[in-house]
Asks: 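Below is one structure. I have some questions about it.
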Amino acid sequence: MHEENKAAANGCGKIRSGAQNGAALLALMEKTGYSMVQQNGQRKFGGPPPGWEGPPPPRGCEVFVGKIPRDMYEDELVPVFERAGKIYELRLMMEFSGENRGYAFVMYTTKEEAQLAIKILNNYEIRPGKFIGVCVSLDNCRLFIGAIPKDKKKEEILNEMKKVTEGVVDVIVYPNATDKTKNRGFAFVEYESHRAAAMARRRLIPGTFQPWGHTIQVDWADPEKVVDEETMQRVKVLYVRNLMISTTEDKIKAEFNKFKPGVVERVKKLRDYAFVHFFHREDAVAAMSIMNGKCIDGASIEVTLAKPVNKESSWKQQHFNGQISPSSENLLGFPNKEDGTQKSLGKPASLSVRLNGQHSPSPPEVERSTYPIFPGIKLTPISMYSLKLSHFSSAVMHLDYFCHKNSWAPPEYCLYSTTSQDGKILLVYKVLISSIADDSQTYFMPEKLCTTVEDAKELAAQFTLLHLAPEQAYITLLSLNAAWWDSKDNCTPYLV
């Protein structure tokens with residue numbers, strides 16, 4: 001083990017001198033008792049730490065660290081991240097040159113320590129003028145499987161996935177909104193680990209595996225929204241799924257009031273799901289236990305605590321200042337936990353995006369093609385909300401989809417105008433986002449005026465996405481002619 005540690009310590013000595021670098025890392029290992037191993041493009045410090053017994057820490061204990069100076073190594077990083085708690089493992093991504101790749105993963109022994117690291121170290125000035133970004137690391141264990149025959153039941157899908165992939169834990173299937181005997185044409189497959197999910201994704205590449213004689217679609221599922229436990233302890237709203245379209249808000253309120261009359265404050269229903277607001281949290285928790293699995297109008301409902309919007313999310317603290325923010329850095333190069341390599345989103349374009357007077361990284365190009373409709377081609381009705389984000393070519397549609405996905409009300413656009421010095425009518429939209437789950441309202445307004453209504457609305461939607469979820473905004477810009485805002489003289493800066 002000592003020889004491995006020594007080899008790892010000398011593995012990046014091309015930036016600092018070999019003697020300086022090796023001595024610093026060996027001193028760190030001697031002081032902490034941690035081991036260090038470099039393989040597959042990453043260097044692992046710990047995992048487990050000295051004296052650790054039992055399984056690794058659960059999901060939610062790891063954070064992603066972005067914008068690390070390329071000549072900074074564990075001897076400087078470890079003392080900084082130890083401020084938040086005990087490090088189980090630190091994985092620093094490495095280049096062949098000996099530099100680091102600018103990002104790392106730090107796993108703590110508890111979720112509380114990981115949350116504290118995000119709180120105190122996000123936007124931390126690790127060197128003069130160098131600020132790191134720290135956010136939760138999403139260890140995705142779930143795959144999206146599309147184009148599934150709608151007559152297949154959960155057990156059939158589960159058995160089929162177990163036949164060809166390993167580590168299947170569960171399959172999540174949602175009934176059709178109008179016909180509860182059918183599924184919605186897709187499912188989510190949960191695996192025991194990220195590695196198992198990654199191996200399954202390779203195995204299920206379309207064309208190599210055709211269950212029930214159908215070519216399926218396979219992709220990573222969107223990560224689940226993470227809400228801290230302290231916030232969830234205050235939630236008194238229930239999310240009710242799998243309702244009949246015909247079921248009314250009054251009927252839902254009456255059913256949830258049965259176990260204890262008068263506990264429901266109000267109900268907000270959208271299509272086949274609803275939010276049930278209670279006056280007191282204890283009544284919401286009791287109702288969840290009693291009502292989950294009950295039948296309303298012939299439909300077996302699923303009841304969980306609603307996840308509120310986290311307005312203090314670290315995503316909102318990121319600024320596109322000519323560098324990739326931690327969130328979008330994680331998006332541009334998804335670290336593969338199997339081999340330490342990065343997954344590229346595509347071929348980089350040569351044009352940069354300009355939003356709010358600031359530049360974001362140059363986005364890759366996205367295929368935008370048309371295809372002929374040949375006689376005999378079957379066309380199937382489809383909801384916009386069943387599509388994936390890559391199908392949208394405007395930020396307005398993207399924002400609508402994003403709000404629907406998060407169970408918020410559709411965005412509201414309020415138009416304002418002013419007159420320029422040369423007499424032109426200039427326009428700007430203010431966007432109102434309302435969370436149905438907790439009745440909160442948030443406004444967003446870009447700092448530019450436009451000459452047309454269409455341009456103003458598109459800019460407002462892009463600006464809103466950028467603040468709500470930078471990674472979603474970035475994906476949106478991949479689908480657009482991003483240089484348009486740079487090249488066209490149709491937006492004028494103004495002071496709020």
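Note that the structure is predicted; figures quoted are calculated from it, not measured.
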Asks: Is the Phe64-Phe105 ring centre distance short of 6.0 angstrom?
Replies: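 Ring-ring flag for Phe64/Phe105: true, centres closer than 6.0 Å.
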Asks: Is there side-chain contact between Val263 and Asn257, with heavy atoms separated by less than 4.5 Å?
Replies: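 Val263 reaches Asn257 side chain to side chain.
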Asks: Which heavy atom of Ala197 sits nearest a heavy atom of Leu143, and at what distance?
Replies: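 Shortest heavy-atom contact: O-CD1, 3.6 Å.
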Asks: Working note: Trp212 + Ile157, criterion side chain to side chain contact (heavy atoms under 4.5 Å, CB included); need CA distance, chi angles, decisive distance, verdict.
Replies: CA-CA 10 Å; Trp212 312 291; Ile157 300 171; 4.0 Å; yes
Asks: Taking the side chain as C-beta and beyond, is there a heavy-atom pair between Pro57 and Trp52 under 4.5 Å?
Replies: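 Pro57 vs Trp52: side chains touch.
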Asks: Distance from Leu459 atom CG to Leu427 atom CG, nearest 0.5 Å?
Replies: 11.5 Å
Asks: Are any of the side-chain heavy atoms of Tyr191 and Thr165 separated by less than 4.5 Å?
Replies: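 Side chain of Tyr191 against side chain of Thr165, heavy atoms only: contact under 4.5 Å found.
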Asks: So do the side chains of His277 and Lys236 get within less than 4.5 Å of each other, counting heavy atoms only?
Replies: no
Asks: Could you check whether any side-chain N or O of Glu190 sits under 3.5 Å from a backbone N or O of Ile172, counting only pairs where one atom can act as donor and the other as acceptor?
Replies: no
Asks: Nearest 0.5 angstrom please: Met397 CE to Glu458 CD, how far?
Replies: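 Spacing of CE (Met397) from CD (Glu458) equals 10.5 Å.
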Asks: Measure across Tyr429 and Pro446 and return the closest heavy-atom pair with its distance rounded to 0.1 Å.
Replies: O-CD, 3.4 Å
Asks: Where do Ala114 and Cys61 come nearest, in terms of heavy atoms and distance?
Replies: CB-O, 3.6 Å
Asks: What distance do Ile216 atom CD1 and Gln210 atom CD have between them, rounded to the nearest 0.5 Å?
Replies: 9.0 Å
Asks: Flag yes if more than 12 heavy atoms outside Lys180 fall under 6.0 Å of its NZ atom; otherwise flag no.
Replies: yes
Asks: Just wondering, do Leu238 and Phe256 contact through their side chains at under 4.5 Å, heavy atoms?
Replies: yes
Asks: Taking NZ, NE, NH1 and NH2 as the nitrogens, is one of them in Asp170 or Arg142 under 4.0 Å from a carboxylate oxygen of the other?
Replies: no
Asks: If you compare all heavy atoms of Glu113 against all heavy atoms of Lys86, which two are closest, and at what distance to 0.1 Å?
Replies: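 Answer, listing the atom of Glu113 first, then Lys86: OE2-N, 3.2 Å.
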Asks: What pair of heavy atoms forms the shortest contact from Ile68 to Ile132, and how long is it?
Replies: CA-CG2, 4.3 Å
Asks: Would Asp250 and Lys269 count as a salt bridge (Lys or Arg N to Asp or Glu O under 4.0 Å) if you check the C-alpha gap in whole Å, the side-chain angles of each, and the deciding distance to 0.1 Å?
Replies: CA-CA 10 Å; Asp250 289 340; Lys269 181 175 184 282; over 6 Å; no
Asks: Can you confirm whether Glu249 is buried at CD, in the sense that more than 12 heavy atoms of other residues, nucleotides or ligands lie under 6.0 Å from that atom?
Replies: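 Enclosed: over 12 neighbouring heavy atoms sit under 6.0 Å from CD of Glu249.
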Asks: With a 4.5 Å cut-off on side-chain heavy atoms, are Val136 and Val63 touching?
Replies: no
Asks: For Arg281 and Gln233, indicate whether the former's side chain and the latter's backbone hold a donor-acceptor pair under 3.5 Å.
Replies: yes
Asks: How long is the gap from CG on Asp297 to CD on Glu255, to the nearest 0.5 Å?
Replies: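 Taking CG in Asp297 and CD in Glu255, the distance rounds to 7.5 Å.
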Asks: Measure the shortest side-chain to side-chain distance between Ile296 and Met244 over non-hydrogen atoms and say whether it is less than 4.5 angstrom.
Replies: no
Asks: Passes side chain to side chain contact (heavy atoms under 4.5 Å, CB included), Arg201 versus Asp219? Steps please.
Replies: CA-CA 7 Å; Arg201 183 169 175 265; Asp219 204 349; 3.9 Å; yes
Asks: Identify the residue among Thr419, Leu449, Thr451, Thr452 that makes a side chain to side chain contact (heavy atoms under 4.5 Å, CB included) with Ile425.
Replies: Thr419
Asks: Please report the interatomic distance CD(Glu192) to CZ(Arg195), rounded to the nearest 0.5 Å.
Replies: 11.0 Å
Asks: When you look at NZ of Lys119, are more than 12 heavy atoms from neighbouring residues, nucleotides or ligands closer to it than 6.0 Å?
Replies: no
Asks: For Lys430, check side chain to side chain donor-acceptor pair (under 3.5 Å) against everything at least two apart and list the hits.
Replies: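 None.
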Asks: Please table the atom pairs, donor to acceptor, closer than 3.5 Å between any side-chain atom in residues 145-153 and protein atoms at least two apart or in another chain.
Replies:
unit_1, atom_1, unit_2, atom_2, d
Lys153, NZ, Thr181, O, 2.7

Asks: If you take the centroid of each ring, where Trp contributes its six-membered ring, are Phe275 and Tyr239 closer together than 6.0 Å?
Replies: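 Close enough - the centres of the two rings lie under 6.0 Å apart.
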Asks: Side chain to side chain contact (heavy atoms under 4.5 Å, CB included), that's the test. Do Lys448 and Phe463 meet it? Break it down for me.
Replies: CA-CA 10 Å; Lys448 285 188 177 183; Phe463 182 83; over 6 Å; no
Asks: Can you list the steps and then say if Lys294 with Val303 is a side chain to side chain contact (heavy atoms under 4.5 Å, CB included)?
Replies: CA-CA 9 Å; Lys294 294 287 186 181; Val303 185; over 6 Å; no
Asks: Do Phe144 and Trp220 have side chains that approach each other closer than 4.5 Å (heavy atoms only, starting at C-beta)?
Replies: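 When only atoms from C-beta onward are counted, Trp220 and Phe144 do not touch, as no gap falls below 4.5 Å.
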Asks: Give a yes or no on whether the backbone of Met288 and the side-chain of Asn292 come within a donor-acceptor separation of less than 3.5 Å.
Replies: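 Judged by distance alone, no pair lies under 3.5 Å.
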Asks: Any idea which heavy atoms bring Val168 and Lys162 closest together, and the distance?
Replies: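 Minimum heavy-atom contact is CB-CG, 3.9 Å.
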Asks: So, using side-chain contact (heavy atoms from CB on, under 4.5 Å) as the criterion, who are the partners of Pro411 when residues are at least two apart?
Replies: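 Checked Pro411 against side-chain contact (heavy atoms from CB on, under 4.5 Å); matches are Leu399, Asp400, Cys403, Tyr413, Val431, Ile433.
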Asks: Atom NZ in Lys260, atom CD in Glu282: separation rounded to 0.5 Å?
Replies: 6.5 Å
